[in-house]
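These notes are about the structure you will find just below.
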Amino acid sequence: MSDPQGMSIVVRVVTRWLFGLILIFGLAVALFGHVTPGGGFAGGTIVACAFVLAILAFGGSRGPGAAFARWASSLDATGALSFLVLAILGYTAGSFLHQWAARGELFTLGSTPSIVLLNLAILLKVGAGLFAGFIAVAVFEGAAGSEKGADA
Amino acid sequence: MDPVLIGLTVFVILGSLAALEMKSLLSAVIAIGVVGLGLSIVFLLLGAPDIAITQVVVEVIVVTVLIRAAARVPEETPTLRASRARTFAGAGVALIAVGLLAAAFQTLPAFGSQRFAPALWYLENAPDLTGATNVVTAILLDFRAYDTLGEATVILTAVVGALAVLRRPERPKEGSHV
């Protein structure tokens with residue numbers, strides 16, 4: 001994977017401060033995607049950015065990025081499956097992908113719960129998917145960099 | 001047309017030309033980043049904040065990954081130069097294409113001057129019908145949710161394919177998925 005030592009202490013400290021903020025920002029962009037510009041895809045990409053930052057700052061074996069790397073492909077599949085389950089839940093209201101949850105007042109978080117949940121499913125899917133892609137590329141160049149063991 | 005928009009477009013075109021001509025791979029990646037970020041500002045000025053946000057975050061993550069990848073490649077990479085005849089042929093084809101596009105764009109209505117009936121219907125009815133006040137999200141996850149399902153499937157397939165092709169040759173330890 002990437003350099004196990006990570007980056008300098010300055011980068012690591014700043015990353016420790018920013019990591020949670022970026023994560024919350026990505027979550028907010030996805031959660032309020034039905035009210036403001038944004039949505040699951042943009043929010044998921046921001047979340048993936050946070051974990052990529054963690055991997056680059058702390059290296060491949062420590063920090064939140066390493067923990068997430070172990071689960072990335074499973075979470076990716078979970079996101080896709082939950083999107084499908086939410087779509088099938090639409091049958092309770094009439095048809096595939098139909099809005100099944102009761103709707104609230106406009107301009108609030110609860111104005112359309114089914115779209116909010118779909119956005120969160122896409123957040124999980126895109127966030128974990130892009131991060132898994134990053135990990136795949138990082139692992140690949142790691143294997144290409146050290147020729148020994150590549151043939152094993 | 002907005003002069004800022006024209007300037008940005010020229011900037012983006014120059015960035016893509018620079019990406020083609022750069023000797024070092026890292027500089028080319030940075031020039032690609034210039035193209036993407038300029039394009040996101042263009043989207044913002046054209047009144048598409050949703051696309052602008054998506055473009056800027058995707059650009060950030062793609063450029064980060066590409067810089068990671070380019071850093072491993074030796075500085076002096078062999079580049080293929082096209083022959084003179086090929087360069088002229090390519091320039092000729094590009095000029096003809098630009099001329100045809102310019103002629104075709106003359107027949108289009110001015111930007112934003114004409115709204116088609118379906119677009120107006122969505123703008124008027126989407127908030128009440130779906131509960132989502134961001135009409136883009138209302139279309140993505142309600143009216144055209146099948147498309148979004150397909151898009152999610154495409155990303156899943158791409159990631160599964162990438163993980164299958166680029167997987168680590170030897171398994172590091174038991175139970176690791178990466």
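Side-chain atoms are counted along with the backbone in the values below, which use heavy atoms only and exclude waters and symmetry mates. Chain letters run A, B, ... following the sequence lines, proteins first, then strands; residues in each count from 1.
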* Asked: Are any side-chain N or O atoms of A/Gln99 and backbone N or O atoms of B/Asp142, one a donor and one an acceptor, separated by less than 3.5 Å?
  -> no
* To do: Spell out, as yes or no, whether a donor-acceptor pair under 3.5 Å connects the side chain of A/Arg103 to the backbone of B/Asp128.
  => yes
* Identify which part of A/Val52 has an atom lying under 4.5 Å from any heavy atom of chain B, answering side chain, backbone, both or neither. => side chain
* Do you know which of B/Leu156, B/Ile155, B/Thr64 has the most heavy-atom pairs under 4.5 Å to chain A? -> B/Leu156
* To do: Establish whether B/Leu45 and B/Val12 are linked, either directly or via other cluster members, by ILVMFWY side-chain heavy-atom contacts under 4.5 Å.
  => no
* Residue part contacting chain A, namely of B/Leu129, when any heavy atom lies under 4.5 Å -> backbone
* Is B/Ile51 reachable from B/Ile41 through a run of I, L, V, M, F, W or Y residues, each pair having side-chain heavy atoms under 4.5 Å apart? -> no
* Structure fact -> Okay, A/Ile115 and chain B: the region with an atom under 4.5 Å from a heavy atom over there is both
* Is the number of heavy atoms from other residues, nucleotides or ligands within 6.0 Å of CH2 (A/Trp17) greater than 12? -> no
* For A/Thr112 against B/Ala132, the heavy-atom pair lying closest together -> CG2-N, 3.7 Å
* Exercise: identify the closest heavy-atom pair between B/Val159 and A/Ala132 -> CG1-CB, 3.9 Å
* Heavy-atom distance under 4.5 Å to chain B: side chain of A/Ala80, backbone, both or neither? -> side chain
* Asked: Given side chains that start at C-beta, do those of B/Thr133 and A/Ser111 come closer than 4.5 Å, heavy atoms only?
  -> no
* To do: Against chain A, work out which of B/Val62, B/Val160, B/Thr54 has the most heavy-atom pairs shorter than 4.5 Å and name it.
  => B/Thr54
* Identify the two heavy atoms, one from A/Cys49 and one from B/Val57, that lie closest to each other, and give their separation to 0.1 Å. => SG-O, 4.2 Å
* Does any heavy atom of chain A fall under 4.5 Å from the side chain of B/Thr130, the backbone, both, or neither of them? -> both
* With only heavy atoms counted, which part of A/Val126 is less than 4.5 Å from chain B, the side chain, the backbone, both or neither? -> side chain
* Asked: So which heavy atom on A/Gly38 is nearest to which on B/Ile53, and how close?
  -> N-CD1, 4.3 Å
* Enclosure of B/Tyr122 OH (heavy-atom neighbours >12, cutoff 6.0 Å) -> yes
* Asked: Checking heavy atoms, do the side chain of A/Thr36, its backbone, both or neither come under 4.5 Å from chain B?
  -> backbone
* What is the distance from atom CG of B/Leu149 to atom CZ of A/Phe96, rounded to the nearest 0.5 Å? -> 5.5 Å
* Is there a donor-acceptor pair under 3.5 Å between the side chain of A/Thr45 and the backbone N or O of B/Val58? -> no
* Between A/Phe131 and B/Ile61, is any pair of side-chain heavy atoms under 4.5 Å apart? -> no
* Asked: Nearest heavy-atom pair of A/Leu97 and B/Tyr146: which atoms, and what distance?
  -> CD1-N, 3.6 Å
* Interatomic distance, B/Leu140 atom CG to A/Asn119 atom CG [nearest 0.5 angstrom] -> 8.5 Å
* Asked: Of the listed residues (B/Ala158, B/Ala152, B/Ala48), which shares the most heavy-atom pairs with chain A below a 4.5 Å separation?
  -> B/Ala152
* Tell me, do B/Thr148 and A/Phe41 make a side-chain contact under 4.5 Å, heavy atoms counted? -> no
* Any chain of hydrophobic side-chain contacts (each under 4.5 Å) joining B/Val34 to B/Ile13? -> no
* Asked: In terms of heavy-atom proximity below 4.5 Å to chain B, should A/Phe107 be classed as side chain, backbone, both, or neither?
  -> both
* Structure fact -> Applying a strict 4.5 Å limit to non-hydrogen atoms, the region of B/Gln55 in contact with chain A is neither
